[in-house]
Amino acid sequence: MADLLLALDVKGKSEAVRVAGACTGEVDAIKIGYPLVLSTGLGIVKDLAKAGIPIIADFKVADIPNTNSLICEEVFGAGCSGIITHAFCGHDSLAACVDAAHDHGGVCFVVCEMSHPGALDFLTGENAERMAGMAKAAGADGIIAPATRPERTAILRDIIGTSMKIYSPGVGAQGAQPEDVKKYVDGIIVGRAIYESADPKSAAHEFRVRAR
Ligand code: C5P
(Lines give C-alpha, C1' and ligand atoms only; values in the text may rest on other atoms or scores of the structure.)
Protein backbone atom coordinates (compact mmCIF):
# COMPACT_ATOMS: atom_id res chain seq x y z
CA MET A 1 0.00 0.00 0.00
CA ALA A 2 1.64 3.20 -1.19
CA ASP A 3 0.78 6.86 -0.76
CA LEU A 4 0.22 9.14 -3.75
CA LEU A 5 2.43 12.20 -4.21
CA LEU A 6 1.50 14.75 -6.85
CA ALA A 7 4.48 16.16 -8.78
CA LEU A 8 3.12 19.65 -9.39
CA ASP A 9 5.40 20.68 -12.26
CA VAL A 10 2.99 23.26 -13.64
CA LYS A 11 3.86 26.90 -14.20
CA GLY A 12 2.15 29.85 -12.55
CA LYS A 13 0.15 30.28 -9.37
CA SER A 14 -3.35 29.99 -10.84
CA GLU A 15 -2.64 26.65 -12.52
CA ALA A 16 -0.89 25.31 -9.42
CA VAL A 17 -3.74 26.31 -7.13
CA ARG A 18 -6.31 24.92 -9.58
CA VAL A 19 -4.68 21.48 -9.80
CA ALA A 20 -3.81 21.28 -6.10
CA GLY A 21 -7.35 22.31 -5.16
CA ALA A 22 -8.84 19.70 -7.49
CA CYS A 23 -6.64 16.98 -6.00
CA THR A 24 -7.28 17.82 -2.35
CA GLY A 25 -8.37 14.68 -0.57
CA GLU A 26 -6.84 12.47 -3.26
CA VAL A 27 -3.10 13.06 -2.72
CA ASP A 28 -0.99 12.54 0.40
CA ALA A 29 1.65 15.16 -0.45
CA ILE A 30 2.57 17.64 -3.16
CA LYS A 31 6.07 17.68 -4.64
CA ILE A 32 7.12 21.05 -6.00
CA GLY A 33 10.25 21.78 -7.99
CA TYR A 34 12.04 24.29 -10.17
CA PRO A 35 9.37 24.68 -12.89
CA LEU A 36 6.76 25.88 -10.39
CA VAL A 37 8.99 27.78 -7.96
CA LEU A 38 10.94 29.59 -10.69
CA SER A 39 7.67 30.70 -12.26
CA THR A 40 6.00 31.84 -9.04
CA GLY A 41 8.57 32.27 -6.27
CA LEU A 42 8.69 30.32 -3.02
CA GLY A 43 5.57 32.15 -1.82
CA ILE A 44 3.63 29.47 -3.72
CA VAL A 45 4.24 27.19 -0.73
CA LYS A 46 1.97 29.32 1.46
CA ASP A 47 -0.69 29.39 -1.26
CA LEU A 48 -0.61 25.61 -1.60
CA ALA A 49 -0.42 25.01 2.14
CA LYS A 50 -3.97 26.33 2.45
CA ALA A 51 -5.09 22.94 1.09
CA GLY A 52 -3.52 21.32 4.16
CA ILE A 53 -1.37 18.91 2.13
CA PRO A 54 2.33 18.44 3.08
CA ILE A 55 4.68 20.01 0.54
CA ILE A 56 8.03 18.48 -0.40
CA ALA A 57 10.60 20.59 -2.24
CA ASP A 58 12.30 18.60 -4.98
CA PHE A 59 15.31 20.86 -5.47
CA LYS A 60 17.75 17.94 -5.88
CA VAL A 61 20.19 19.89 -3.74
CA ALA A 62 23.81 19.38 -4.83
CA ASP A 63 26.33 21.82 -3.39
CA ILE A 64 28.81 22.34 -0.57
CA PRO A 65 27.46 21.87 2.96
CA ASN A 66 27.09 25.59 3.72
CA THR A 67 25.15 26.30 0.53
CA ASN A 68 22.97 23.24 1.10
CA SER A 69 22.15 24.51 4.60
CA LEU A 70 21.23 27.94 3.24
CA ILE A 71 18.95 26.37 0.60
CA CYS A 72 17.26 24.24 3.27
CA GLU A 73 16.70 27.25 5.53
CA GLU A 74 14.75 28.93 2.73
CA VAL A 75 12.79 25.78 1.89
CA PHE A 76 11.70 25.03 5.45
CA GLY A 77 11.27 28.72 6.29
CA ALA A 78 8.79 28.93 3.40
CA GLY A 79 6.68 26.19 4.95
CA CYS A 80 7.81 23.01 3.18
CA SER A 81 7.87 19.86 5.24
CA GLY A 82 10.42 17.98 3.18
CA ILE A 83 13.43 18.38 0.92
CA ILE A 84 14.85 16.11 -1.79
CA THR A 85 18.62 16.18 -2.14
CA HIS A 86 21.31 14.48 -4.19
CA ALA A 87 23.96 12.43 -2.40
CA PHE A 88 26.79 12.50 -4.92
CA CYS A 89 28.33 15.68 -3.47
CA GLY A 90 29.46 13.62 -0.48
CA HIS A 91 28.60 12.74 3.07
CA ASP A 92 29.06 16.27 4.47
CA SER A 93 26.79 17.90 1.89
CA LEU A 94 24.21 15.22 2.49
CA ALA A 95 24.46 15.63 6.27
CA ALA A 96 23.82 19.37 5.90
CA CYS A 97 20.44 18.65 4.29
CA VAL A 98 19.47 15.89 6.72
CA ASP A 99 20.41 18.03 9.73
CA ALA A 100 18.59 21.10 8.42
CA ALA A 101 15.46 19.06 7.73
CA HIS A 102 15.45 17.54 11.19
CA ASP A 103 16.23 20.88 12.87
CA HIS A 104 13.02 22.18 11.27
CA GLY A 105 10.95 19.11 12.08
CA GLY A 106 10.96 18.10 8.42
CA VAL A 107 12.11 15.15 6.36
CA CYS A 108 14.95 14.62 3.89
CA PHE A 109 14.78 12.25 0.93
CA VAL A 110 17.84 11.31 -1.12
CA VAL A 111 17.89 10.69 -4.87
CA CYS A 112 19.59 7.33 -5.37
CA GLU A 113 18.45 6.26 -8.80
CA MET A 114 16.51 8.28 -11.35
CA SER A 115 13.62 7.09 -13.48
CA HIS A 116 14.54 8.30 -16.98
CA PRO A 117 16.65 6.32 -19.53
CA GLY A 118 19.70 8.56 -19.07
CA ALA A 119 19.92 7.52 -15.43
CA LEU A 120 21.62 4.39 -16.72
CA ASP A 121 24.66 6.54 -17.63
CA PHE A 122 25.50 7.21 -13.97
CA LEU A 123 22.62 7.19 -11.49
CA THR A 124 22.22 3.42 -11.25
CA GLY A 125 24.11 0.26 -10.30
CA GLU A 126 26.91 0.55 -7.76
CA ASN A 127 26.61 4.34 -7.66
CA ALA A 128 22.95 4.15 -6.67
CA GLU A 129 23.58 1.38 -4.16
CA ARG A 130 26.42 3.35 -2.59
CA MET A 131 24.20 6.42 -2.30
CA ALA A 132 21.46 4.36 -0.66
CA GLY A 133 24.03 3.30 1.92
CA MET A 134 25.07 6.93 2.36
CA ALA A 135 21.45 7.97 2.86
CA LYS A 136 21.02 5.34 5.56
CA ALA A 137 24.26 6.28 7.30
CA ALA A 138 23.28 9.96 7.24
CA GLY A 139 19.97 9.27 8.96
CA ALA A 140 17.87 10.38 6.00
CA ASP A 141 14.16 9.66 6.13
CA GLY A 142 14.00 8.01 2.76
CA ILE A 143 15.23 7.69 -0.79
CA ILE A 144 13.94 8.28 -4.32
CA ALA A 145 14.04 5.19 -6.55
CA PRO A 146 12.50 4.47 -9.96
CA ALA A 147 9.13 2.92 -10.70
CA THR A 148 10.42 2.44 -14.22
CA ARG A 149 12.96 -0.12 -12.98
CA PRO A 150 11.23 -1.90 -10.07
CA GLU A 151 13.96 -4.54 -9.90
CA ARG A 152 16.43 -1.79 -9.07
CA THR A 153 14.09 -0.31 -6.48
CA ALA A 154 13.84 -3.75 -4.86
CA ILE A 155 17.65 -3.87 -4.57
CA LEU A 156 17.73 -0.41 -3.01
CA ARG A 157 14.98 -1.46 -0.56
CA ASP A 158 17.20 -4.32 0.58
CA ILE A 159 20.01 -1.85 1.29
CA ILE A 160 18.01 0.66 3.30
CA GLY A 161 15.72 -1.80 5.06
CA THR A 162 12.21 -1.01 6.21
CA SER A 163 12.91 1.84 8.64
CA MET A 164 13.31 4.32 5.77
CA LYS A 165 10.76 5.26 3.10
CA ILE A 166 10.99 5.02 -0.67
CA TYR A 167 9.16 7.48 -2.91
CA SER A 168 9.06 6.38 -6.52
CA PRO A 169 8.62 8.53 -9.65
CA GLY A 170 8.07 7.28 -13.17
CA VAL A 171 4.43 6.22 -12.92
CA GLY A 172 2.17 7.55 -15.68
CA ALA A 173 3.93 9.65 -18.33
CA GLN A 174 7.24 7.79 -18.00
CA GLY A 175 5.47 4.48 -18.54
CA ALA A 176 5.43 2.70 -15.19
CA GLN A 177 2.22 1.51 -13.52
CA PRO A 178 1.49 1.70 -9.77
CA GLU A 179 1.21 -2.10 -9.70
CA ASP A 180 4.82 -2.42 -10.94
CA VAL A 181 6.33 -0.94 -7.84
CA LYS A 182 3.85 -0.48 -5.02
CA LYS A 183 5.01 -3.51 -3.05
CA TYR A 184 8.52 -2.04 -2.75
CA VAL A 185 7.70 1.59 -1.93
CA ASP A 186 5.89 3.89 0.47
CA GLY A 187 4.72 6.37 -2.11
CA ILE A 188 4.38 6.76 -5.86
CA ILE A 189 5.05 10.14 -7.46
CA VAL A 190 2.82 11.08 -10.40
CA GLY A 191 3.02 14.34 -12.34
CA ARG A 192 1.85 14.77 -15.92
CA ALA A 193 -0.65 11.90 -15.84
CA ILE A 194 -2.56 13.91 -13.23
CA TYR A 195 -1.94 17.60 -13.92
CA GLU A 196 -2.29 17.26 -17.72
CA SER A 197 -5.51 15.27 -17.34
CA ALA A 198 -8.80 16.91 -18.26
CA ASP A 199 -10.01 15.78 -14.84
CA PRO A 200 -7.09 15.85 -12.36
CA LYS A 201 -9.26 14.81 -9.43
CA SER A 202 -10.47 11.64 -11.14
CA ALA A 203 -6.97 10.85 -12.41
CA ALA A 204 -5.53 11.29 -8.91
CA HIS A 205 -8.32 9.17 -7.45
CA GLU A 206 -7.58 6.35 -9.87
CA PHE A 207 -3.84 6.38 -9.09
CA ARG A 208 -4.58 6.53 -5.36
CA VAL A 209 -6.81 3.48 -5.55
CA ARG A 210 -4.31 1.57 -7.70
CA ALA A 211 -1.47 2.42 -5.30
CA ARG A 212 -3.37 0.90 -2.37
O1 C5P B 1 5.39 13.94 -15.02
P2 C5P B 1 6.05 12.80 -14.32
O3 C5P B 1 5.10 11.88 -13.61
O4 C5P B 1 7.03 12.06 -15.18
O5 C5P B 1 6.90 13.53 -13.14
C6 C5P B 1 7.86 12.85 -12.39
C7 C5P B 1 8.42 13.79 -11.35
O8 C5P B 1 9.38 13.10 -10.55
C9 C5P B 1 9.14 15.00 -11.90
O10 C5P B 1 8.93 16.06 -10.99
C11 C5P B 1 10.59 14.60 -11.90
O12 C5P B 1 11.44 15.71 -11.75
C13 C5P B 1 10.65 13.74 -10.66
N14 C5P B 1 11.70 12.73 -10.59
C15 C5P B 1 11.82 11.72 -11.51
N16 C5P B 1 12.81 10.78 -11.36
C17 C5P B 1 13.65 10.83 -10.31
C18 C5P B 1 13.52 11.85 -9.36
C19 C5P B 1 12.52 12.79 -9.53
O20 C5P B 1 11.03 11.65 -12.46
N21 C5P B 1 14.51 9.88 -10.10
Side-chain angles (χ1 to χ4, degrees), residues 3 5-9 13 16 20 27-115 119 122-123 127-146 156-157 159-169 185-189 191:
D3 285 346
L5 286 75
L6 169 65
L8 193 55
D9 295 326
K13 176 178 165 177
V27 301
D28 299 289
I30 294 175
K31 184 178 83 65
I32 61 169
Y34 294 114
L36 179 58
V37 172
L38 291 177
S39 70
T40 61
L42 253 182
I44 191 68
V45 176
K46 292 243 173 343
D47 297 317
L48 295 174
K50 288 173 192 157
I53 307 169
I55 298 171
I56 298 172
D58 182 5
F59 288 163
K60 297 188 176 68
V61 185
D63 215 309
I64 62 169
N66 183 63
T67 306
N68 283 2
S69 298
L70 294 172
I71 292 168
C72 288
E73 276 172 30
E74 294 301 316
V75 163
F76 289 105
C80 292
S81 56
I83 182 92
I84 296 176
T85 182
H86 274 303
F88 56 69
C89 291
H91 69 278
D92 47 358
S93 295
L94 175 54
C97 289
V98 173
D99 292 349
H102 293 172
D103 286 350
H104 288 85
V107 294
C108 179
F109 277 71
V110 180
V111 178
C112 289
E113 178 148 344
M114 294 189 72
S115 50
F122 181 81
L123 279 169
N127 289 336
E129 290 154 29
R130 190 170 169 192
M131 290 190 287
M134 288 172 67
K136 187 172 185 181
D141 300 276
I143 66 169
I144 307 296
L156 298 175
R157 168 59 81 192
I159 292 170
I160 64 168
T162 52
S163 62
M164 293 170 65
K165 291 187 173 183
I166 299 180
Y167 289 158
S168 191
V185 307
D186 302 281
I188 61 166
I189 298 171

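Residues passing the side-chain hydrogen bond (donor to acceptor under 3.5 Å, both in side chains) test with S115, sequence neighbours excluded: Q174. Partners of H102 by side-chain hydrogen bond (donor to acceptor under 3.5 Å, both in side chains), not counting sequence neighbours, listed by chain and number: D141. The side-chain contact (heavy atoms from CB on, under 4.5 Å) test applied to A101 returns F76, I83, C108, not counting sequence neighbours. Evaluation of the side-chain hydrogen bond (donor to acceptor under 3.5 Å, both in side chains) rule for K60 yields D58 as partners, not counting sequence neighbours. Residues passing the salt bridge (Lys or Arg N to Asp or Glu O under 4.0 Å) test with D28, sequence neighbours excluded: R208, R212. In this structure, the ring-ring contact (aromatic ring centres under 6.0 Å, His included) partners of Y34, at least two apart in sequence or on a different chain, are F59. The side-chain hydrogen bond (donor to acceptor under 3.5 Å, both in side chains) search around D186 returns R157, not counting sequence neighbours.
The structure places CG of L36 at 9.5 Å from CG of L42, a figure rounded to the nearest 0.5 Å. The line from CD1 of I56 to CG of L5 is 5.0 Å long, rounded to the nearest 0.5 Å. Of the inter-residue distances, the one linking D63 atom CG with I71 atom CD1 reads 5.5 Å to the nearest 0.5 angstrom. Expressed to the nearest 0.5 Å, how far SG of C80 lies from NE2 of H104 amounts to 11.0 Å. Here the CD1 atom belonging to I143 is positioned 4.0 Å from the SG atom belonging to C112, to the nearest 0.5 angstrom.
For the pair L48 and I53, the minimum side-chain heavy-atom distance is 4.5 Å or more. Side chains of K31 and I84 form a contact here, defined as non-hydrogen atoms less than 4.5 Å apart.
Nearest heavy-atom pair, A16 versus L8, reported as atom, atom and distance to 0.1 Å: O-CD2, 3.9 Å. Here the closest non-hydrogen pair linking A62 and C89 is C-SG, 3.4 Å. Contact record, P169 with I144: CD-CG2, 3.6 Å, taken as the closest heavy-atom pair. Shortest non-hydrogen contact noted between G33 and D9 is N-OD1, 4.4 Å.
Under the salt bridge (Lys or Arg N to Asp or Glu O under 4.0 Å) criterion, the residue pairs touching residues 35-47 are K13-D47, D47-K50, with sequence neighbours excluded. Residue pairs meeting the side-chain hydrogen bond (donor to acceptor under 3.5 Å, both in side chains) criterion with at least one member in residues 78-101, sequence neighbours excluded, do not occur.
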Please set out all donor-acceptor pairs under 3.5 angstrom arising from side-chain atoms of residues 127-139, sequence neighbours excluded.
{"unit_1": "N127", "atom_1": "ND2", "unit_2": "F122", "atom_2": "O", "d": "3.0"}
{"unit_1": "E129", "atom_1": "OE2", "unit_2": "R152", "atom_2": "NH1", "d": "2.7"}
{"unit_1": "E129", "atom_1": "OE2", "unit_2": "R152", "atom_2": "NH2", "d": "3.1"}

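Under the side-chain contact (heavy atoms from CB on, under 4.5 Å) test applied with V45, the options I55, V37, V75, I30 reduce to a single match, I55.
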